Visitor: 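Here's a structure for you.
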Protein chains: 2
Amino acid sequence: MSKSKRLLELMMTVNRKRKFTVKELAQEFGVSTRTMLRDLQELSELGVPLYSEVGPHGGYQVLKERILPPIAFTEEEAVAMFFAVHALRHYSSLPFESESVSALEKFYLHMSGDVRDRIDQMKNRVDFVTPTRQRESPHLPILLEAAVRQKVLLIEYESKGEGACRHIQPIGIYANNGLWFCPAYCFLRRQFRVFRCDRIHSAAYDEGGTAPLDLRHVHLGNKESCFRTEEGPSIRLYAELSRQGVQMCEAALWLGSHLHIREDGSGWLEGPVPGSDLAFYARFFVGLGNEATVKEPPELIDSMKRLFAELMAKYE
Amino acid sequence: MSKSKRLLELMMTVNRKRKFTVKELAQEFGVSTRTMLRDLQELSELGVPLYSEVGPHGGYQVLKERILPPIAFTEEEAVAMFFAVHALRHYSSLPFESESVSALEKFYLHMSGDVRDRIDQMKNRVDFVTPTRQRESPHLPILLEAAVRQKVLLIEYESKGEGACRHIQPIGIYANNGLWFCPAYCFLRRQFRVFRCDRIHSAAYDEGGTAPLDLRHVHLGNKESCFRTEEGPSIRLYAELSRQGVQMCEAALWLGSHLHIREDGSGWLEGPVPGSDLAFYARFFVGLGNEATVKEPPELIDSMKRLFAELMAKYE
DNA sequence: ACGTTCATGACAAAGATTGTCACTATTATC
DNA sequence: GATAATAGTGACAATCTTTGTCATGAACGT
């Protein structure tokens, strides 16, 4: 094998094993230890952050920086990656230690000139917007780690304006619309609940010995099944929508599959909804004003009327 | 310079210049053409997709794939990049030809084992959610290109349920909450307008000769200044909010800086709003129900009362 | 027909690489 | 304190690679 190829393979090998001895690698590559030492030194000069310690149990180590071996990206791919990472700048809090910024700089600097030109041209013309929120979520890393390592946390949570301590076992974290959420098992309520991370005022591993549940199979992709159990009996909903009503409902994501659209742009809402949510739906349909006409269930219409009455009274 | 180093530099050089001749590079690197040929062949064997053509105006070319030279990323950076790109999967339409997916695969495959393990552990525990929309936006690439190249487009736009043709000059595109928007100058209205990309049914470069404006200085970062001109006279708004009202308003981003929060969790909305938007605000406050109490302006209260009356009539 | 360009082969000189050996230094462990 | 494991350095000759030069061919546009 030529030296150049050996060096490239070596680069990947040392990144795979984090720790190794000269002898070990020398045998693996079929060269003498002297040569391997020379190769390692050359790698070091090429920018791989190697660190060595002598003595028994010593050896070589790659420091936390790791070389990403040469990857063939198409221009489109590189550009897409750039903007994906660029979008992270909208988040005031991230579960990764805000190092994504430096990653982007490195990525950008290593791009060839014309890709860089292309990115520059597009920089202010494409964006993945996420609303920037004022409140920060400082505990994302520990929440994430607890989810990965199946640990119980003791958190201080602001709920309805009051603080309270709870034991929770996170199953993950996700960002939505600029806010971070943490679905978790709540040992207080004995239920799965979603917590807003910016309302978590403190978080620490529970030392009290609350036994963690085995939630390895529960993750963001299938958490819905755990939440579904709490729903009450469902009631059939039916409402007519004007064209503008359809557009307004399109923005409301939780309606999901209940929305049906006709050829002419108008549409209707139809489907089962949990009875416990009636108050919520009442408020929603009141907000739609004339663009929606609720036909069923009658309870919902009553609920809406009550709301009108209260509001009328308030503003008279 | 040693051969290994030369090869690495050569890798970057051929990526910078897309097209080059052997002689040219040989001179640049101070070696004979024979050596350069041998180097290029070796590069080819190492995976750089080189392609050559003989004859005058021939020469070497790098195919669209380009090698990203080795970059030193920290583990955190690599993970952050992964999840950033991973988040793009929520978009049913992208201005890049959906190649981001393959980029992610390559990236993932080239990671060293333990980073890959770390990603695997976190894969279902972290997410940047974007609501998936049913309607696609197939014209993103041409909108983006028109923005970059300062071209006028002729589009077919669905507005209030009806289709209509318009000449527009895009200043960029952005995704928000799963939908793509295109702020652009509209030659029909002689104003800057924001278009929803999934309502653009067709888009093509204008052949009619509408002269493009010089909008090079206008981009996503400063477009607000162009839109501001159309606002009507502004009216002072003031509304009291209960604790729950505050939380509901936090979700409404366009309120922005108008929202003020008290120690106890309740709060108030205060600030100038464009008079033309009164109908919109009326509907919004009706939707907040008892959690908000509008104090000013009286026009808004009137507007809300009218809305109540209409709705009462409808459901009686 | 000519010039440009890639492509390949041969070969000897120059240069880089390699293995071996001898030696030093550090440090954990017994 | 001895021992073994480990990195690190220097020297040197054998060997292998790399390099430049030259010759030759093939494709292709002008």
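Every value quoted in this text rests on a predicted model; they were computed, and no experiment measured them. Letters A, B, ... mirror the listed sequences (proteins, then strands); counts begin at 1.
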Visitor: Between atom CD in A:Glu42 and atom P in C:dA16, what is the gap in whole Å?
Guide: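 Atom-to-atom, A:Glu42 to C:dA16, this comes out as 12 Å.
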Visitor: A:Phe20 has an atom CZ; how far is it from atom C1' of D:dA7, in whole Å?
Guide: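 Going from CZ in A:Phe20 over to C1' in D:dA7 covers 12 Å.
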Visitor: What is the separation between atom NZ on B:Lys3 and atom P on C:dA16, rounded to the nearest whole Å?
Guide: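 The answer, rounded to whole Å, is 13 Å.
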Visitor: For residues A:Phe128 and B:Trp180, establish whether the separation of their ring centroids is below 6.0 Å.
Guide: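 Yes: the rings meet the under 6.0 Å criterion.
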Visitor: Whether A:Tyr60 contacts D:dG8 is assessed here as follows: a side-chain N or O lying under 4.0 Å from the phosphate OP1 or OP2. Is that the case?
Guide: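 Affirmative; the distance criterion is met.
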Visitor: May I ask you to check whether B:Phe195 and B:Tyr157 place their ring centres under 6.0 Å from each other?
Guide: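 For B:Tyr157 and B:Phe195, the ring centres are under 6.0 Å apart.
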Visitor: Is any side-chain nitrogen or oxygen of A:Ser52 closer than 4.0 Å to OP1 or OP2 of D:dG8?
Guide: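 For A:Ser52, the contact criterion (side-chain N or O under 4.0 Å from OP1 or OP2 of D:dG8) is met.
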Visitor: Measure from the side chain of B:Gln41, starting at C-beta and using heavy atoms only, and say which of C:dT8, C:dT18, D:dG8 lies closest.
Guide: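 Given the options C:dT8, C:dT18, D:dG8, the side chain of B:Gln41 is closest to C:dT8.
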Visitor: Does the structure place the NZ or CZ of B:Arg149 under 6.0 Å from the centre of the six-membered ring of B:Tyr205, at an angle of no more than 45° from the ring's axis?
Guide: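 Judged by the rule (NZ or CZ under 6.0 Å from the ring centre, within 45° of its axis), B:Arg149 counts as positioned above B:Tyr205.
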Visitor: Applying salt bridge (charged side-chain N to carboxylate O under 4.0 Å, His left out) to B:Asp127 and B:Arg89, what does each step give before you reach the verdict?
Guide: CA-CA 11 Å; B:Asp127 202 357; B:Arg89 78 188 185 292; 2.9 Å; yes
Visitor: Output the rounded distance in Å from CG (B:Leu37) to C1' (D:dG25).
Guide: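 Spelled out: CG on B:Leu37 to C1' on D:dG25 is 14 Å.
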Visitor: Distance check needed: D:dT17 P versus A:Leu7 CG, whole Å only.
Guide: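 Result: 15 Å.
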Visitor: Just the rounded figure in Å: distance from P of D:dT18 to CG of B:Leu40.
Guide: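 The answer, rounded to whole Å, is 15 Å.
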Visitor: For B:Tyr108, is the NZ or CZ atom of B:Lys123 found under 6.0 angstrom from the centre of its six-membered ring and inside 45 degrees of the ring axis?
Guide: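 Yes, a cation-pi geometry holds between B:Lys123 and B:Tyr108.
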Visitor: Looking at OH of B:Tyr60 and OG1 of B:Thr21, how far apart are the two atoms once the value is rounded to the nearest 0.5 Å?
Guide: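 That separation rounds to 11.0 Å.
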Visitor: Is it true that, when you exclude A:Lys23 itself, more than 12 heavy atoms of the residues, nucleotides or ligands shown sit nearer than 6.0 Å to its NZ?
Guide: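 Counting other residues, nucleotides and ligands, NZ of A:Lys23 stays at 12 neighbours or fewer.
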Visitor: How many whole angstroms separate atom NZ of B:Lys23 from atom P of C:dT5?
Guide: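 It is 6 Å, rounded to the nearest whole Å.
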Visitor: Going 5' to 3' through nucleotides 19-30 of chain C, assign each nucleotide B (protein heavy atom under 4.0 Å from a base atom), S (under 4.0 Å only from sugar-phosphate atoms) or - (no protein heavy atom that close).
Guide: BB-----BBBS-
Visitor: Take atom CG of B:Leu50 and atom P of C:dC6, then tell me their distance rounded to the nearest Å.
Guide: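 For the pair B:Leu50 CG and C:dC6 P, the rounded distance is 12 Å.
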Visitor: Between C:dT18, D:dT19, D:dA7, which nucleotide gets closest to the side-chain atoms of A:Arg6?
Guide: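 Closest nucleotide to the A:Arg6 side chain: C:dT18.
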